[in-house]
Structures are given as C-alpha cells and as structure tokens.
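Structure record follows, encoded as structure tokens.
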Amino acid sequence: MDSSQDFKSIQEKVQTALVASTRLTNQIAAEDLSFQRTSNPDVAEQLDDTSSRLLSLATSLLTSATKNTNLKAPELQDGDDVDVHWTRIIDVVDTLLEKADTCLDEYTGMIKRKIAPAEQAGPPPKKSKSATLDPFMRNANIIKPQNAFEVKPDNQDTSPWKPILTKKPHAQVPLEKSLVTFKDENQTTQYKHPYEAEIMQLEFPKMVFEKREPTKYQPVDTTSATFVNTFEGVLEMLEELKKATEIAIDTEHHDFRTYTGLLSLMQISTRDKDWIVDTLQPWRRKLEVLNEVFADPRIVKVLHGAYMDIVWLQRDCGLYIVGLFDTFEAASALHYPTKSLAYLLKRFVDFDADKKYQLADWRIRPIPEEMFYYARSDTHYLLYVYDMMRNELLEQPAGEAGQDLMHRVLERSKDTSLRRYEKFTYDIETGLGPFGWYGLLIKHSAGRFSKEQLAVFRALHKWRDDTARREDESALYVMSNSALFDISRRMPPDPKALHSLLDATSHFAKRDAFNLYNIVSKAKTEGANGPSVVDVLRRHTPSTIGVGEVAKSVFPQLARSDAEEAKIEDLISHTSKLWGNMPMSSRWEKQSKRETPRIARFELPWAQYVKSGKFLDEPEEQPQQQVTQEESVIPLEPEASLAVDDQFTLKTGLKHKTAHVRSDSESGEADDVPSKTGPYPSASADVEEIAVEDTDDEDSMELKKARRKAKKAEKKARKQALQEQVQGAKDMARRAKQEGYPQAAQSLREYGDEGEDEKPFDYSKAKSVLKSARTTNGTSQGGRFNPYGMTVEGPKPARKMHGEKPGKSATFKK
C-alpha cells in the first residue's frame, strides 16, 4: 500500500470515530444527567468513570502535544480544571493546528523545495542544541535596562503622546508645523504624524518599477555582521547607509518585563553588509540621526510585516520610515499560501529560519550566538527576496480597476508607514482599549459570570493594571490571566485560599495577597447591585449594527442630514426577487372601481346541503318560498335580527320524523324523556337535527334561524314565569307561618318545592353502579343499572352515541 492510500484509510477511520463520538456526546448532553445521577446510582458511577477516563486521555494528549514545544500541558483532574486552564488548552490546540497545516502543505506539495545549483544554495541554518527555547533565553532574570535610560518611561502620564524627534531631515513641512494636534474618531486629542505630508506626496524611485535581474546575497560564511553598541558606531554605519539605494530593516521587541514594551534590537542590511544595533543603550534617543536615511525618499526601505515595527521605532527612538516596501503586502497581493517571512525565505532562498527565537528575551547581553545568527538572517536575505517579488509583481496584469499590483502594494505600504503611536488610558467603567478588561472578557467567553464575579474581575484587573504601571512590568507578569479568572470565579473566602490560586511567577500578587483579599471582598459586596455581563455587552454593542445604520448603508439618501424624510413606499420593494412581478401584499394590488359591499358574502362548500335542509321538528306547514340567488350565499357576519345557533347537525338520507314541538306543559320534563322515534336523542333544546335530501327544500336558512330564536325566547319566558311563581309561593308560605297558619304555610312550601328546578343530585344516597349486580343480605338489589334510562331521583340519562343509521352526518358549532 502506498502512502496516499494508507493516509486515506487512516483519515477515514479517524473521521468515522470522531463522527460517532460527536453524535454520542450530543445525545448524552441532551439528557437530564442530574436526574439520571439521582435516580440511578449505576449511571452516576458510569458517568464518573467515563469522565475520569476522558480527562486522563485529554491530559495525555495535551502532554504529548506539548513535547518539543515551549508550552506546558495542564493537568485536568475534574471538569472545573477545563475552565480554569482553558486558555492554555487553546494554545496547545493552536500549536497542533499550525503543525497540521504545515504537514498538509508539505504532503500536498503546496510547499516545494526549490532545486538550485549547489553554489547558489543558501547556507544551512545553525542547529541549536535543543528544539525548544531555553528558559533562560525566554525570560531572563536580569536588571531592567530601562532603569539606566536617560529618559525613563513614564506609565502614569495620561497626556497625548508627543513625537520625540528634535530634527526633521528631508522635510517638506517644518517640524514646528508638523507637531500639531487633532481630534480622532473617539474625540481624543492626538498629535499628527510628523512625516504625514512627506509620505502622502511620496513618489517612489523609478527603479522600483523596473524589472531587473535579482542581486545575489553575500554568503553568510564569508561575511559577518557588525554589532553596534556605541554612538560612534552608529555614525559610521550611517555613512555606509547613505550610499545605498535599498536597505532592509527589522526589529526585535520585548514586552514581558515592561509595561509599554522595549525595542531591544534593530537589524539593518545593505547589499554588502549587515548591522545589529543595540537599542537598549542609555543614549537610545540619539538614534534619531538615522532619519537622514530612514526618511530619505530616494532610498527604498524593505521590511516584512512592518505594522508594529513602525510604531516601536517612533516610540523608543523617534525614527520614521518614508519609502516603505512591505513584503507582507506583496505576498498578500500575490496570493501566497503563507505570508510569513519564514515562508518567503524558504521559497526564494531555501533557508529554514528557526522561529522559536521570536519568543526569546532580546534584552540579554551579550547576545547568544544562536540568537545573533537568527537576527542577522531576517535582513540578510530580505533584499534578494524583494528583487524576486518586485519582478513577480511587475509581471502580473493590471487588476479590475486598471491598477497594477505594484502600485497597490506601495499604497498599502504607505498606509502602514503612516501609523502613529498613541497612549492608551485605562477606563475602569468601559474597559475598552488594548489594556482594558472588556476585550479580555470577550476573548475568554466569561459570559457565565454573575454580578459579583464580574465586579471582582473588574476590580482585580484594575489592581493588576495599576501595579504594572507603577512597577513598569507587564500585566501578565503581575498576574496571569488564568489566575485572574480563577480568582474571579471562585471568589476565595480568605487570604490563604486566594494565595493558593496564584501562580508561582505572580510575585507581586503573592506579596499583596491580604490587600487583594480586601479588594475581592469589597467588590463582591458592591457587585450584588452592579451591572451584569449582559448589561455590559449591551452597553458596548456598536451602533453600526442597528437597523437605522443598516438602512443608511443600504439607502444613501437616509444618511444625508438635509435630505427629505423618505417615504415607507421608497424603502419597500414592490417586486420579489423570487416571484417576480407577483404582488407580495394587497396594498399594491389594483383597487376595483366599484364600491365594495358592506357585508362580504361567499358560498361555503356545504351551502348546497343547507339549501335543501329541512327541520324535522315542524310545528306547522310553512308556506313555500322560492330560493333566490342572494339567499344561496351565507353572510360572513350574521345580521342582528337573526339568531345564531350554537350547534346543529346535518345528516344525509331520508327524513325521519322526531317528536313534535313540546307543549308548554311538557317543557319542564321533555328534556328528561329519551326520544323513542330515532336513535339520536336531543342533547339539549338548542340542538336541531336537519335531514338533508337530494332535492331542494323550500325552507331557507333565515326562516329556520328565526324559528329557533322564537323557540328559545319562548322557553326562556316560561322558565322566568315559573321561577316567579315559585318565589311567590315561598314568600306567601313565609308570611303564613309568621301569622300563625302552619297548615297553609306547609301547603305553600310544598307547592314551591314542586315548582323548583331540578335539585342537585345527592351522590351519597345514590344506588351503587359498580356493585349493582351484588346482593345485600342474600337478596338481589334489582336489575342492572341502565345509564340511558330515566330514574326517579337520578340525573338526566346519558346520550346514546351508537346505533346510527347508515349515512353521513356532521355536527357544526359556531
């Protein structure tokens, strides 16, 4: 089996196993595990065993993934450890994904080793003793170099940062007129870029737009780099740089043992020489003399990913780049699969850069040999890479806008060189900014924080920032993010518990543990009435996602302040993208000129049945009426003069005569007597049965409704009269008793009792239904109970629901 088939089979097995595991996990998560644990101890034991096994496997995987890396795998003992060490787990997963991406590129052939002659091949990189960075090189325990600076950093100053340069070489606008302030988009006062006019009006040398043979780099083995750590050495280097037409620049930065960061090293290369400049010297501000070259528009400055280098050079040395060519922007324009400098070196020079030294502590002096070699290689080959990419850009056709890729890259490079360094003030309320708590809260998905936990988090974050500013340390050195979130979630009850949650490197936090506990206790108390995470998110939601802002972006006329108020018809499309010109609403349908009738009428599907329907209970023969067309339709709303029935039944088949309309004397008992003429006893007086024949009937619906209404009114009147008679008899009996006529009172009372409505049924005295077949004292209790028959003292009989004759019937209720 070849490698491709072997890889495919492994991929299918892994993917199948992952899909099955994911489905099983989703099924388990959908269950009520708390209930299952409580109701079934075996399930609880199995869940605990499975969780322990999964945590053990996850710990083993993390440990295996962090081998030969700078990361330390967290140990997961319970489910809470996953939340506590979530950030570290993400770092391990990101490292694995990067490795997988690289391996896939190599496997698919996207990254291929260039075959070049032996004499032109780049030198092999020097191998370090270990694949991982030595701890001393990563975080060196040395004296802070900023303590010896002539101008020490001031982290407490909240005023706008002012450019530190004292001279402005190659100026088109004098320095005095360049150092002016303005209001940014946040209405904050800032200083303008001193070289803004020069960069905006820059015209690159003609050689940038000429395709030329690339100039080969000098062999590393036969040349050496010059380490510059004196101001005299800077001046000598400056004279050499003035003779060049292109120079390559790179920087190394340190930000762990300082609040704002330190520009620790600067590498500069020409076609023939390399320099490594020490930017941690006390006289580092004097390096602004290099602006005679850095700001010279005739010299092209080649950097890779200069987004942060531009800011660091301004902040620490007062250096500005005019005439930037960013190879990162060129790689983006050429759509390279990877835009890193390591990829460019591998693509054009076949040089493997050891990028582990990016995380090294560049404050170390003297610089170790491996680190010195890495720093030099960043710029030694960069001008050759620039030549190759310049030719490739010039070979590309013009884009859609008619602009060639070279001009596009140069414009983007201009934008990068116009970046300015700005101070960021700490806002405890909003938490915005690069050093604020809001971004950290969103990044670590702390949406489950309670009000108290959020208040503790904000208070601890404020303490960490204040301490870092005062000690000129990074916030992560004062207290790690994992410890910050751990304390915020647990809210320790005493200083000892808080001290146990701190990392070994959190020296400032351990030293101030009692003060931190007081801060936590106070924030916990005040946070009960403070904002929640949801309130914070709503407050920081940008207005650009609102409906009004979206409408302004879609309809430009709404964004103009002087524009007239737009009508709603202008904002709604009259046609559908899917249905075409079909009206999507009745508001756009053409209105008929004829007047719409007051009551809309239409014929229901069962109207024909109603036409031929005839009441079975007919007290007298009704005169025949011809059914007009208007009567064949049923109004949507019943007229006020007609009664509306609650229920009626339609039945097909022959007519069946039922009992005639009850007389006044039978009205009180008719409901208690089951019908003997048909299988459908009436449930109530309001239910009418209609026999539907195949031929048309002469009765119309209006007449039937009128009869039912009159019938109901008559029944109600009889009932009201009966109640008045009963009440009168009771009153007379009460007066007779009071006047001393007991016999008359008894007779009147019996009359009133007989005339009362049906009394409530006393179930306690009723005969047994379930045990009706049993005998009492050896004698039978009588015949079986018939729920459909009439009893003397029982309730109304049940309605028979079976035994219908063939034919369709339907009961309608309004």
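Values reported hereafter were calculated over all heavy atoms of this structure, with side chains retained and with hydrogens, waters and symmetry mates removed.
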Any sub-3.5 Å donor-acceptor pair from S377's side-chain atoms to Y374's backbone N or O? yes
Do S417 and V322 make a side-chain contact, defined as non-hydrogen atoms from C-beta onward lying under 4.5 Å apart? no
Classify the side-chain pair D274/S269 by whether it contains a donor and acceptor separated by less than 3.5 Å. yes
If you take the centroid of each ring, where Trp contributes its six-membered ring, are F204 and F209 closer together than 6.0 Å? no
Once you round to the nearest 0.5 Å, how far does OG1 of T158 lie from CZ of R469? 8.5 Å
Do side-chain atoms of N291 reach the backbone of G318 as a donor and acceptor pair under 3.5 angstrom? yes
Tell me, do L165 and P194 make a side-chain contact under 4.5 Å, heavy atoms counted? yes
What closest approach, in Å, do L175 and T166 show between heavy atoms, and which atom pair accounts for it? CD2-O, 3.5 Å
Can you check side chain to side chain contact (heavy atoms under 4.5 Å, CB included) on T425 and K423, steps first, answer last? CA-CA 6 Å; T425 57; K423 283 184 179 179; 5.8 Å; no
I want to check something: taking the side chain as every heavy atom from C-beta on, are T270 and L241 in contact at a cut-off of under 4.5 Å? yes
Treating R419 as the side-chain partner and V311 as the backbone partner, does any N or O pair qualify as donor plus acceptor under 3.5 Å? no
Which atom pair, heavy atoms only, marks the closest approach of L262 to P145? CD1-CG, 4.2 Å
On a heavy-atom basis, which atom in M266 and which in I249 lie closest, and how many Å separate them? CG-CG2, 4.4 Å
Parallel, tilted or perpendicular, as decided by the 30° and 60° cut-offs, for the rings of Y336 and F348: tilted
May I ask you to test the E422-W161 pair for a side-chain heavy-atom distance under 4.5 Å? no
Do the side chain of R363 and the main chain of A140 share a donor and acceptor less than 3.5 angstrom apart? yes
Is a salt bridge present between E246 and R271, judged by a nitrogen-to-oxygen distance below 4.0 Å? yes
Hey, what's the ring geometry for Y373 with F351, parallel, tilted or perpendicular (30° and 60° as the breaks)? tilted
Is it true that K286 and E232 make a salt bridge, defined as a side-chain N closer than 4.0 Å to a carboxylate O? no
L97 side, atom CG; I90 side, atom CD1 - distance, nearest 0.5 Å: 11.0 Å
Residue list, side chain to side chain contact (heavy atoms under 4.5 Å, CB included) with T189, at least two apart or on another chain: P160, T181, K183
Cation-pi between R347 and Y343: NZ/CZ under 6.0 Å from ring centre and within 45° of the ring axis? no
Shortest non-hydrogen pair, Q314 vs Y421, comes out as OE1-N, 3.3 Å
Centroid separation under 6.0 Å, is that true for the rings of Y191 and F182? no
Side chains of D157 and S159, donor plus acceptor under 3.5 Å: yes
Knowing that exactly one of E236, E240, E239 qualifies, which makes a salt bridge (charged side-chain N to carboxylate O under 4.0 Å, His left out) with K273? E240
Steps toward side chain to side chain contact (heavy atoms under 4.5 Å, CB included) verdict (L235, F231): CA-CA 6 Å; L235 297 178; F231 186 65; 3.8 Å; yes
Has the side chain of T258 got a donor or acceptor atom that lies under 3.5 Å from a matching backbone atom of H254? no
Under 3.5 Å: donor-acceptor pair, side chain of S480, backbone of L476: no
Does a side-chain N-to-carboxylate-O contact under 4.0 Å join D350 and K346? yes
Verify, without hydrogens or angle tests, whether T416 (side chain) and R412 (backbone) share a donor-acceptor contact under 3.5 angstrom. yes
Is a salt bridge present between D387 and R390, judged by a nitrogen-to-oxygen distance below 4.0 Å? yes
Exam field: side chain N186 to backbone T188, donor-acceptor pair closer than 3.5 Å: no
Might you work through the side chain to side chain contact (heavy atoms under 4.5 Å, CB included) test for D503 and S506, ending with a clear yes or no? CA-CA 5 Å; D503 297 333; S506 301; 3.8 Å; yes
Can you find a heavy atom in the side chain of L179 that is under 4.5 Å from one in the side chain of P163? yes
Can you sort out the partners of K144 under side chain to side chain contact (heavy atoms under 4.5 Å, CB included), two or more places apart, ordered by chain and number? Q146, N147, R257, D472, E473
Can a donor-acceptor pair be found between the side chains of S340 and T338 at a distance below 3.5 Å? no
Looking only at the side chains, is there a donor atom on one of Q358 and E252 sitting less than 3.5 Å from an acceptor on the other? no
Hey, are E288 and K167 close enough for a salt bridge, meaning a charged N less than 4.0 Å from a carboxylate O? no
Quick one: sort the H507 and Y477 rings into parallel, tilted or perpendicular, breaks at 30° and 60°. tilted
Taking all non-hydrogen atoms of both residues, which atom of I247 and which atom of L383 are closest, and how far apart? C-CD2, 3.9 Å
Kindly check if the number of other-residue, nucleotide or ligand heavy atoms within 6.0 Å of CE (M200) is above 12? no
All pairs passing salt bridge (Lys or Arg N to Asp or Glu O under 4.0 Å) where residues 291-309 contributes a residue, at least two apart: K242-E292, D296-R298
Test log, rule side chain to side chain contact (heavy atoms under 4.5 Å, CB included), inputs T226 and M237: CA-CA 9 Å; T226 304; M237 177 188 65; over 6 Å; no
For D465 versus F435, what's the shortest heavy-atom pair and its separation? OD1-CB, 4.1 Å
Any pair counted as side chain to side chain donor-acceptor pair (under 3.5 Å), so long as it reaches residues 320-331, sequence neighbours left out: H304-T327
Looking just at side-chain N and O atoms, do D255 and S474 make a donor-acceptor pair shorter than 3.5 Å? no
When R284 is tested against each of D278, T279, D316 for side chain to side chain donor-acceptor pair (under 3.5 Å), which residue passes? D316
If you look only at pairs with a residue in residues 193-206, which of them pass as a side chain to side chain donor-acceptor pair (under 3.5 Å), with sequence neighbours excluded? K168-E198
Is any side-chain heavy atom of E471 closer than 4.5 Å to one of Y259? no
Begin from the C-alpha positions of W312 and H253 and carry the test ring pair (Phe, Tyr, Trp, His ring centres under 6.0 Å) through to its verdict. CA-CA 8 Å; W312 297 336; H253 192 262; 4.0 Å; yes
Okay, side chain of W362, backbone of Y357: is any donor-acceptor separation there less than 3.5 Å? yes
Do D361 and F256 touch side chain to side chain, with heavy atoms closer than 4.5 Å? no
Contact list for residues 169-180, test salt bridge (Lys or Arg N to Asp or Glu O under 4.0 Å), sequence neighbours left out: none
Any L62 side-chain heavy atom under 4.5 Å of R88 side chain: no
